[in-house]
Amino acid sequence: MIISSNKKLFVRFGEKFGEVFGIIAMAVIVVYPLAALLLQSIFPHIFDKISSITPSFANLLSVFTDKSNFLALSNSIIIGLLAAVIAVILGTFSSIAIHHMPDAAANIFNSLIWIAFFMPSYVIAEGWMLLMQDGGILSQIFGLPFGWSAWFFTRYGLALIMGLRFFTYVYFSMHQALKNIGTELLNAGKIGGATKSQLFFKITLPLLTPALLAGASIAFAEGFGDFGIAAAITPNSHIPLLTYQIYSSLNQDPVNYSVAASLSVIEVFVTSAAIGLQFMIMRKKSYVTTPSFKKKDNIAEKYGVKSKYYSIFFVGMVIIIILSFVLPIMSNICASLWKVWSNGINSSNWTFAHYRDVIQINGDGYASLLRSITYSTIVAIIAVPFAVILAYQLIFKHSLTSKFINILNMSTLAIPGVVLAAGFVFAWNAVWLIPLNLVLYGTPICLAMAYLAGALPYSIRLQTGALSTLPPNLLKSAKVFGASNMQIIFKIIVPLISTTTISTFFMSFAGMMFELPAASLLYPPGQPPFSVVIQSRFNSSDWSNGSALTIIGILIVFLVYLLTKSIIWVMGYAKLHLSAAKIIDTTNVTSENNPVQTVEDVKQF
């Protein structure tokens, strides 16, 4: 009886493991840091050695009364709005252009947009700074006068960089929406005598409103909450931005924790308001675009009537791709190969010496590179099983706990990285943790937890997408045969979604290699990660070594990407041969008339 009771208890625990695990994980890396941040903004002395729970809204009000804080807030809102407008224009053009291109060209440009999406924002910003500053690459190539690029180091220049960086969000949103618009509505408009411009502005564009609003709100939220571009440009342009103001509050002496917390709360509020406004607008009207029957490609319309616009679309996309990441990356390559910055493109001024210097065994560049590779690998290894377990909970367990975990996960996506990192500063440096020996701030564990908090939401979204395609009956059958949740996850689900799992590992690894907000605020003393060292080189005007480190990091991420693709290909090839072998075993291979004799026959058959 005791054994039976213990077994039932164990089974019941196994059934609830996903819920318990999800709640604990989210509480430790999301809820507790954000709660600590909110408490710090309302109770400014709660984390002092002599703690006090006396509330005060003075620091929140100081965001609007203090000149520097209010200027940072207004700059961030204005630049975020301008960046959203630019992103909408570029993203809309890109989605329409690629939608009307031949498949080969569309696939190439779509892949290039994904590369632009993965590029770290501060790497792009540094590349533009190398190009546009006085005495920069363009000045030396074309002999431009001092002050020619003063306009670039203003709000408008920052908005342009952000628009070029975040147009990808608008593109991804609009690209799928365009596919969902059926031809029956356009045909009806043509029968009614509508011109092409009327079809676009009165049928197509209104139906794209949800996608447009979604892309615009995300572009604004990303621009408003971006730390990488602010960290790269603000020290040189002296344009205060809210994210950099948070960072400065936590790095000044003495540290102003309360102001940093208050600025972070305002950051979250504005970001949430932007996304909430999108949902409010969408609720007022129906925007159903999916046709009642499957849309068939009209080849004559796609490549015949519209072929005269192909050159415009192609040239426009080439320009967008060059400006979004090719030109900044090329400027980094150029700077990394110059012996002396002031000697420019002189034929004797090219060298690989900077690459040798930054990866010296005893140098800080080499040490930070190994450090970040270690962090990225460990976090990716942890994030993958975490994401699979939590995604399984969200897709197949329809409980209140699952809904709560999903809300937390979605909310984390809207929280800027610098705000979440600031929360870790307050949460894991609290006085009440001292007796428990749990003060993790300033340790590798704290930084790794912050990395995980940043990687996990995206990993979960990838895994939920893969899990949603699995037939529920398959898992129900496993339950009937007595499989536990862990057996279902690791013996059925993981093999079926192995490709997505490997892709999730790469995405987490690549994201953490160049992560800057958490790395800047949480790295252990004397152990800066790779991104911090890169940024410090640029801030000290060591352009060549900073660029060399950047290119080395990009090459490592690219090599990991190739390794990931190779593993996926090998796994697919192995599965094909295993399936083929089983088919051959079940056929009469001794028959001369049987077309299935070898693996190659199976492929052709």
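- The two atoms that bring G225 and P416 nearest to each other are O-CB, 3.6 Å, heavy atoms only.
- When every heavy atom of S331 is checked against every heavy atom of L130, the shortest pair comes out as O-CD1, 3.9 Å.
- Of all the heavy atoms in Q393 and I405, the pair that sits closest is CG-CD1, 4.5 Å.
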Could you go through the side-chain contact (heavy atoms from CB on, under 4.5 Å) check for L369 and I556 one step at a time? CA-CA 10 Å; L369 178 61; I556 290 174; 3.5 Å; yes
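- Using modelled atom types and a 3.5 Å distance limit, the side chains of T504 and Q463 yield a donor-acceptor pair.
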Would you please test F227 and L516 for side-chain contact (heavy atoms from CB on, under 4.5 Å) and show each step? CA-CA 8 Å; F227 177 72; L516 186 61; 3.8 Å; yes
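- Side-chain contact between T271 and I415: absent, with no pair of heavy atoms (C-beta onward) separated by less than 4.5 Å.
- Just one of Y458, F558, Y561 meets the ring-ring contact (aromatic ring centres under 6.0 Å, His included) condition when paired with F506; it is Y561.
- The shortest non-hydrogen separation linking M101 to A105 is SD-CB, 4.1 Å.
- T92 places no side-chain N or O within donor-acceptor distance of the main-chain N or O of I89, the cut-off being under 3.5 Å.
- Within the 4.5 Å cutoff, side-chain heavy atoms of I113 are placed close to those of I98.
- Side-chain contact between I329 and M119 is present, with heavy atoms from C-beta onward closer than 4.5 Å.
- With hydrogens and angles disregarded, no donor-acceptor distance shorter than 3.5 Å links the side chain of N406 to the backbone of S402.
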Run the ring pair (Phe, Tyr, Trp, His ring centres under 6.0 Å) check on W114 and F172 step by step: do they pass? CA-CA 9 Å; W114 273 105; F172 292 137; 4.5 Å; yes
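- Side-chain atoms of N110 and Y171 form a donor-acceptor pair, as typed in the model, at a separation below 3.5 Å.
- Note that CD of Q535 is 12.5 Å distant from CZ of F530, once rounded to the nearest 0.5 Å.
- Side-chain contact between I552 and V358 is present, with at least one heavy-atom pair separated by less than 4.5 Å.
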Take I493 and L496 through the side-chain contact (heavy atoms from CB on, under 4.5 Å) test and state the conclusion after the steps. CA-CA 5 Å; I493 290 177; L496 290 175; 5.9 Å; no
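- Taking 4.5 Å as the limit, some side-chain heavy atom of Q133 sits within range of a side-chain heavy atom of F153.
- Checking side-chain atoms of R165 against main-chain N and O of P120 turns up no donor-acceptor pair under 3.5 Å.
- To the nearest 0.5 Å, atom CZ of residue F93 and atom CE of residue M317 are 7.0 Å apart.
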Start with the C-alpha gap between F314 and F109, add the side-chain angles, then the distance that decides, and say whether ring pair (Phe, Tyr, Trp, His ring centres under 6.0 Å) holds. CA-CA 9 Å; F314 185 86; F109 280 117; 5.5 Å; yes
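- Residue N332 holds its CG atom at 6.5 Å from CD1 of I554, rounded to the nearest 0.5 Å.
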Just do the side-chain contact (heavy atoms from CB on, under 4.5 Å) check on I124 and L164 with the steps written out, would you? CA-CA 9 Å; I124 300 300; L164 288 167; over 6 Å; no
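- Considering all non-hydrogen atoms of both residues, P328 and I322 come closest at CD-O, 4.0 Å.
- Within the 3.5 Å criterion, the main-chain N or O of V170 finds no donor-acceptor partner in the side chain of S173.
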Evaluate the side-chain hydrogen bond (donor to acceptor under 3.5 Å, both in side chains) criterion for residues S544 and S336: first the C-alpha distance (whole Å), next the side-chain angles of each, then the deciding distance (0.1 Å), finally the verdict. CA-CA 4 Å; S544 297; S336 69; over 6 Å; no
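- A side-chain contact (heavy atoms from CB on, under 4.5 Å) with M512 is found for exactly one of S376, S372, S531, namely S376.
- Under a 3.5 Å cut-off, the side chain of H354 and the backbone N or O of W338 do form a donor-acceptor pair.
- Note that CE of M162 is 9.0 Å distant from CD1 of I233, once rounded to the nearest 0.5 Å.
- Aromatic ring orientation, F166 versus Y169: tilted (interplanar angle from 30° to 60°).
- Between atom OG1 of residue T412 and atom CD1 of residue I29 there is a gap of 7.5 Å, rounded to the nearest 0.5 Å.
- In plain terms, the two heavy atoms of T243 and A230 that are nearest each other are OG1-CB, 3.5 Å.
- Note: Y156 OH to L82 CG = 7.0 Å, rounded to the nearest 0.5 Å.
- Between T550 and E126 there is no side-chain heavy-atom pair separated by less than 4.5 Å.
- The shortest distance between side-chain heavy atoms of I551 and Y355 falls below 4.5 Å.
- For the pair S94/I320, a side-chain contact is recorded, criterion being any heavy-atom separation below 4.5 Å from C-beta on.
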